[in-house]
S.K.: 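Just passing along the structure, written as structure tokens.
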Amino acid sequence: MSELSRGPELMEKIVSLCKRRGFVYPGSEIYGGLANSWDYGPLGVELKNNIKQMWWKMFVQRRADMVGIDAALLMNPKVWEATGHVATFCDPLVECGFCHARSRADHVKTMSKMTEGFGDFINEYWRDPVGTAKAKPEFLMNTSWTCPTCGKGNELSKTAPRQFNMMLKTWLGPVEDQTAVVYLRPETAQAMFVDFKNILETSRRRLPFGAAQIGKAFRNEITPGNFIFRQREFEQMEIEYFIKPEEWETHFEHWVGELKKWLKLIGVKEDRLHYVDISDEDRAFYSKRTVDVEYDYPFGQKELYGLAYRTDYDLSKHEQFSGAELKFADPENQANKIVPHVIEPSFGVDRTILVALLEAYDEEITDEEIRIVMRFPYWMAPVKVAILPLSKKEELSVPAKEVAQMLREADLTVEYDETQSIGKRYRRQDEIGTPLCVTFDFDSLEDKAVTIRDRDTMEQVRVPISELVVEIRNRLV
Ligand code: ATP
């Protein structure tokens with residue numbers, strides 16, 4: 001493998017490859033786009049589906065203690081009152097006095113040497129918006145501010161931070177008044193709590209057990225960006241694992257281990273991962289322990305996934321606000337009831353895809369040209385096999401298309417490509433990470449065999465067409 005720079009140019013290469021080959025495009029592009037919305041194209045949707053399916057297999061279908069749900073996106077607005085989202089799901093927002101762009105007040109650059117003295121002045125004389133002397137908020141400590149949009153400004157040229165609720169609102173039914181307001185869910189997690197009683201009754205589980213869901217979530221992020229890293233519409237894969245409170249530490253450790261296994265499966269290099277224990281003051285008040293899994297993106301070390309011990313906060317709040325009993329009764333002694341505690345591993349689908357793309361990207365210089373290879377794990381690759389006849393002539397293309405169709409019917413994702421030289425066609429497949437290329441040549445007409453070429457080893461082997469499906473399946477595991 002070549003030495004590849006992992007700086008911002010890697011991000012540019014990924015974004016350009018995604019557009020060029022149909023992984024991810026800007027949303028609504030022909031209308032000038034819609035800020036920071038992205039569409040997954042033909043290859044992107046296959047990649048995304050493979051990731052979601054593997055996650056579902058690993059965390060739901062292959063475990064005896066897990067069940068899945070798929071809840072409605074719009075939930076009763078009381079859900080978000082109970083959880084505190086209506087009151088507190090806010091980010092601090094500031095407005096630049098020069099260009100009036102809005103940005104997140106907690107995303108500030110560390111003070112540079114040049115502004116150090118000025119920062120001290122601010123630390124000393126900071127006043128809250130109404131002018132009373134008040135302790136400076138943590139996020140302004142030892143920092144100086146420049147506008148991320150125009151690059152100008154300082155602590156005094158921006159507005160005081162104000163809280164901005166990140167839930168997206170809409171109205172249900174024909175009347176657009178306060179009584180019709182509903183929110184697009186800002187996380188998938190709450191459905192597992194709200195449906196807890198139904199899940200428990202219908203699946204007849206005992207503690208510990210978990211419920212999982214994959215689906216869209218919406219947040220009116222102040223500063224979306226970095227390609228698919230931070231969007232306003234995104235997808236999550238979340239688990240609520242219900243436990244007895246006294247067992248929380250054991251289960252927490254188990255889920256740290258499961259996160260590590262998953263990250264290995266998707267091919268992330270360990271030294272680019274950081275397991276950050278969130279300090280008491282930065283953690284949500286109801287969480288007794290939170291570990292953020294952070295990754296070294298080309299734009300810095302930032303969150304990939306989260307793992308939190310949320311105690312019985314959510315179920316208790318929903319009991320209080322809904323009046324329903326959300327308890328687990330001990331099967332041996334029905335009178336002994338508890339509100340289960342919960343461990344929540346939370347995965348972003350889009351951040352998983354971004355990390356998978358960054359990890360897979362590789363370049364090799366061969367014969368003065370660059371060979372780009374997406375080294376996806378084979379299970380993840382959007383196209384599994386490419387069928388490449390050596391000539392476009394019907395003599396070869398007709399039987400080669402039959403081989404392609406045979407593979408499609410065996411549930412493999414197949415591309416058929418007969419244009420340009422075989423070398424160019426191999427490059428095209430390498431660039432989208434296709435693990436296996438099958439060439440159909442003139443000898444194939446006689447010996448009823450084809451040549452398989454492996455993306456990573458470049459090894460070529462001759463295989464009878466009658467054994468092709470089995471051979472490919474064996475190689476893809
Ligand atoms: P951040 O600190 O980056 O805003 P968060 O702590 O608010 O993230 P959570 O509420 O823990 O995120 O959401 C769980 C997961 O959902 C995150 O770990 C991330 O993978 C994903 N996620 C959250 N917000 C976004 C977003 N705006 N765009 C894409 N993925 C997101």
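Just so you know, ligand 1 is whichever comes first in the structure, and atom 1 is the first atom listed for that ligand. The figures here come from the full heavy-atom set of this structure, side chains too, leaving out hydrogens, waters and symmetry mates. Starting from 1, each residue takes its place in the sequence as its number. Only a predicted model underlies this, so the values are computations on that prediction, with no experimental measurement involved.
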S.K.: Any donor-acceptor pair under 3.5 Å linking the side-chain atoms of Glu238 with those of Gln213?
M.R.: no

S.K.: Of all the non-hydrogen atoms in the protein, which one sits nearest to atom 22 (N) of ligand 1, and at what distance?
M.R.: Phe234 CE1, 3.5 Å

S.K.: Side chain, backbone, both or neither: which applies to Arg219 and ligand 1 if a contact is any heavy-atom pair less than 4.0 Å apart?
M.R.: side chain

S.K.: Could you grab the distance from atom NE2 of His251 to atom CD1 of Ile243, nearest 0.5 Å is fine?
M.R.: 5.5 Å

S.K.: Do we see a donor-acceptor contact under 3.5 Å between the side chains of Tyr241 and Asp65?
M.R.: yes

S.K.: If you have a sec, work out which protein heavy atom is nearest atom 17 (C) of ligand 1 and how many Å separate them, to one decimal?
M.R.: Glu303 OE2, 3.3 Å

S.K.: With respect to Arg289, which candidate in Glu253, Glu344, Glu249 satisfies the salt bridge (charged side-chain N to carboxylate O under 4.0 Å, His left out) definition?
M.R.: Glu253

S.K.: Under the side chain to side chain contact (heavy atoms under 4.5 Å, CB included) criterion, do Phe234 and Phe218 qualify, and how do the steps go?
M.R.: CA-CA 6 Å; Phe234 57 99; Phe218 298 82; over 6 Å; no

S.K.: Could you give the distance from OG1 (Thr434) to CD (Glu431), rounded to the nearest 0.5 Å?
M.R.: 10.5 Å

S.K.: Which one holds for Leu304 and ligand 1: side chain close, backbone close, both close, or neither close, with close meaning a heavy atom under 4.0 Å?
M.R.: backbone

S.K.: What residue and atom, counting heavy atoms only, is the protein's closest point to atom 29 (C) of ligand 1, and at what distance?
M.R.: Phe229 O, 3.1 Å

S.K.: Could you check whether Gln429 and Glu415, counting side-chain N and O atoms only, form a donor-acceptor pair closer than 3.5 Å?
M.R.: yes

S.K.: Short list, please: which atoms of ligand 1 are under 4.0 Å from a heavy atom of Tyr305?
M.R.: 18 (O)

S.K.: Using heavy-atom distances, let me know which of Glu294, Glu235, Met237, Gln231 sits nearest atom 27 (N) of ligand 1.
M.R.: Gln231

S.K.: Which residue holds the protein heavy atom closest to atom 4 (O) of ligand 1, what is that atom called, and what is the gap in Å?
M.R.: Arg230 NH1, 2.7 Å

S.K.: Kindly say whether Glu187 contributes a backbone atom to a donor-acceptor pair with the side chain of Lys216 at under 3.5 angstrom?
M.R.: no

S.K.: Provide the number and element of each atom of ligand 1 under 4.0 Å from a heavy atom of Gly348.
M.R.: 20 (O), 21 (C)

S.K.: Between the side chains of Tyr40 and Asn49, is a donor N or O closer than 3.5 angstrom to an acceptor N or O?
M.R.: no

S.K.: Closer than 4.0 Å to some heavy atom of Glu221 - which atoms of ligand 1 meet that?
M.R.: 24 (N), 26 (C), 27 (N)

S.K.: Checking the N or O distance criterion of under 3.5 Å, is ligand 1 in contact with Ile228?
M.R.: no

S.K.: With a cut-off of 4.0 Å, which atoms of ligand 1 are near a heavy atom of Ser346?
M.R.: 14 (C), 15 (C)

S.K.: Looking only at protein heavy atoms, which one is nearest to atom 16 (O) of ligand 1, and what is the separation?
M.R.: Gln236 NE2, 3.2 Å

